[in-house]
A.B. asks: 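To start, I am sharing the structure in question, which I have written as structure tokens.
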Amino acid sequence: DLIVHVRDITHPETILQKATVLSVLRNLNLPSHLLDSMVEVHNKVDLIERYKPAEENALAVSALHGHGLEELKQEIEKKILTATGKKILTVNINLEGPQLSWLYKEATVQEVEVMPEDGTARVKVIIGSSAFGRYKNLFPN
């Protein structure tokens, strides 16, 4: 669903390496949307003082120090959701009913926040449109 191209931006041949990778990917006859949506990651930016990517849409990270990793995670999540037609939703459910079990079977449950005082929970899920339509039909409230 997604290609993430991670480059050592400190390598003296980093531009040539990028060209080589792109050439190999093109020769694999991948769908054009994969190449168009590729995430370009410049790693080891901690070794270059005040590094700013010269390339549009490139993300600057330092895996060693954790710099930029949250932005990278968000970008990957956004592109995967777009590519797969899914979305992230938070739904309120009654814990006495079958909703939570259904969500675990039909979606990807990311987080469950239980409210013990009223027997409900807020559930954060990744779910496709058709599954969410079925959920709304089964559990209209």
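Residues: numbered from 1 along the sequence shown.
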A.B. asks: Can you name the closest pair of heavy atoms from A58 and P53 and give their distance?
C.D. replies: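 So the minimum-distance heavy-atom pair works out to O-CG, 3.7 Å.
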A.B. asks: Start with the C-alpha gap between Y104 and V125, add the side-chain angles, then the distance that decides, and say whether side chain to side chain contact (heavy atoms under 4.5 Å, CB included) holds.
C.D. replies: CA-CA 9 Å; Y104 270 109; V125 296; over 6 Å; no
A.B. asks: Atom CG in L72, atom CG in L59: separation rounded to 0.5 Å?
C.D. replies: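 L72 CG to L59 CG: 6.0 Å, rounded to 0.5 Å.
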A.B. asks: Could you name each residue pair satisfying salt bridge (charged side-chain N to carboxylate O under 4.0 Å, His left out) that touches residues 76-95, not counting sequence neighbours?
C.D. replies: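 Residue pairs passing salt bridge (charged side-chain N to carboxylate O under 4.0 Å, His left out), neighbours aside: E75-K78, E75-K79.
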A.B. asks: Atom CG of D1 and atom CD1 of I76: how far apart are they, to the nearest 0.5 Å?
C.D. replies: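 One finds 12.5 Å between CG of D1 and CD1 of I76.
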A.B. asks: Mind telling me whether W102 and Y135 have parallel, tilted or perpendicular rings, with 30° and 60° as the class edges?
C.D. replies: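 Tilted: the ring planes of Y135 and W102 meet at 30° to 60°.
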A.B. asks: Does the side chain to side chain contact (heavy atoms under 4.5 Å, CB included) test come out yes or no for N43 and D8, once each step is laid out?
C.D. replies: CA-CA 5 Å; N43 190 26; D8 174 354; 5.8 Å; no
A.B. asks: For residues L35 and L28: do they belong to one hydrophobic cluster (side chain heavy atoms under 4.5 Å, members Ile, Leu, Val, Met, Phe, Trp, Tyr)?
C.D. replies: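 The answer is yes; both residues are in one hydrophobic cluster.
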A.B. asks: Please tell me whether I88 and I80 are part of a single hydrophobic cluster in this structure, the criterion being side-chain heavy atoms less than 4.5 Å apart.
C.D. replies: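 I88 and I80: separate clusters.
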A.B. asks: Look up atom CG in L25 and atom CG in L34, then write down how far apart they are to the nearest 0.5 Å.
C.D. replies: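 One finds 9.0 Å between CG of L25 and CG of L34.
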A.B. asks: Which pair of non-hydrogen atoms, one from L95 and one from A121, has the smallest distance, and what is that distance?
C.D. replies: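 That closest heavy-atom pairing would be CD2-CB, 3.8 Å.
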A.B. asks: Compare every heavy atom of V112 with every heavy atom of V109, then report the nearest pair and how far apart it is.
C.D. replies: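 Closest pair (atom of V109, atom of V112, distance): CG1-CG2, 3.7 Å.
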A.B. asks: In the structure I gave you, are the side-chain heavy atoms of F139 and I93 within less than 4.5 Å of one another anywhere?
C.D. replies: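 No, every pair of side-chain atoms sits at 4.5 Å or beyond.
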A.B. asks: Look at the side chain of N92 and the backbone N and O of T120, then say whether any donor-acceptor pair between them is shorter than 3.5 Å.
C.D. replies: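 Here the side-chain-to-backbone pair does not exist.
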A.B. asks: Report the C-alpha separation of T14 and R7 in whole Å, then their side-chain angles, then the decisive distance to 0.1 Å, and conclude whether the side-chain hydrogen bond (donor to acceptor under 3.5 Å, both in side chains) test is met.
C.D. replies: CA-CA 7 Å; T14 189; R7 291 170 46 203; 3.1 Å; yes
A.B. asks: Which heavy atom of S62 sits nearest to which heavy atom of V45, and what is that distance?
C.D. replies: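 It is N-CG2, 4.0 Å.
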A.B. asks: Counting only heavy atoms from other residues, nucleotides and ligands, does the tally under 6.0 Å from CD1 of I15 exceed 12?
C.D. replies: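 12 or below, so no.
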A.B. asks: Measuring from atom CG of L103 to atom NZ of K124, what distance do you get when rounded to the nearest 0.5 angstrom?
C.D. replies: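 The distance works out to 14.5 Å.
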A.B. asks: Count the heavy atoms of every other residue, nucleotide or ligand shown that sit under 6.0 Å from CD of E117, and state whether that count exceeds 12.
C.D. replies: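 Correct, the count exceeds 12.
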A.B. asks: Does L81 share a hydrophobic cluster with V4, counting links as ILVMFWY side-chain heavy atoms below 4.5 Å and allowing steps through other members?
C.D. replies: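 Different clusters: L81 never reaches V4 through Ile, Leu, Val, Met, Phe, Trp or Tyr contacts under 4.5 Å.
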A.B. asks: Identify the heavy atoms of I127 and A131 that sit nearest to each other, and give their distance.
C.D. replies: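 Closest pair (atom of I127, atom of A131, distance): CG1-CB, 3.6 Å.
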A.B. asks: Using a 4.5 Å cut-off on heavy atoms from C-beta on, say whether the side chain of E113 contacts that of V123.
C.D. replies: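 No. Closest side-chain heavy atoms not under 4.5 Å.
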A.B. asks: Indicate yes or no: at least one non-hydrogen side-chain atom of L2 is less than 4.5 angstrom from one of S37.
C.D. replies: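 Counting from C-beta outward, L2 and S37 do come under 4.5 Å.
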A.B. asks: What do the steps show when you test V21 against H5 for side chain to side chain contact (heavy atoms under 4.5 Å, CB included), and what is the final call?
C.D. replies: CA-CA 8 Å; V21 167; H5 181 207; 3.7 Å; yes
A.B. asks: Hey, mind stepping through H42 and V61 against side chain to side chain contact (heavy atoms under 4.5 Å, CB included) and telling me if it holds?
C.D. replies: CA-CA 6 Å; H42 295 177; V61 304; over 6 Å; no
A.B. asks: Nearest 0.5 angstrom please: S130 OG to E106 CD, how far?
C.D. replies: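 With rounding to 0.5 Å, OG (S130) is 9.0 Å from CD (E106).
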A.B. asks: Assess whether a salt bridge exists between K18 and E13, defined as any Lys/Arg side-chain N lying under 4.0 Å from an Asp/Glu carboxylate O.
C.D. replies: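 Salt bridge flag = no for E13 with K18.
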A.B. asks: Do the side chains of I48 and L64 join up, straight or via other hydrophobic residues, at under 4.5 Å, putting them in one cluster?
C.D. replies: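 No.
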A.B. asks: So, taking the atom named CG in L30 and the one named CG in D36, what distance separates them when rounded to the nearest 0.5 Å?
C.D. replies: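 Separation between the atoms: 11.5 Å.
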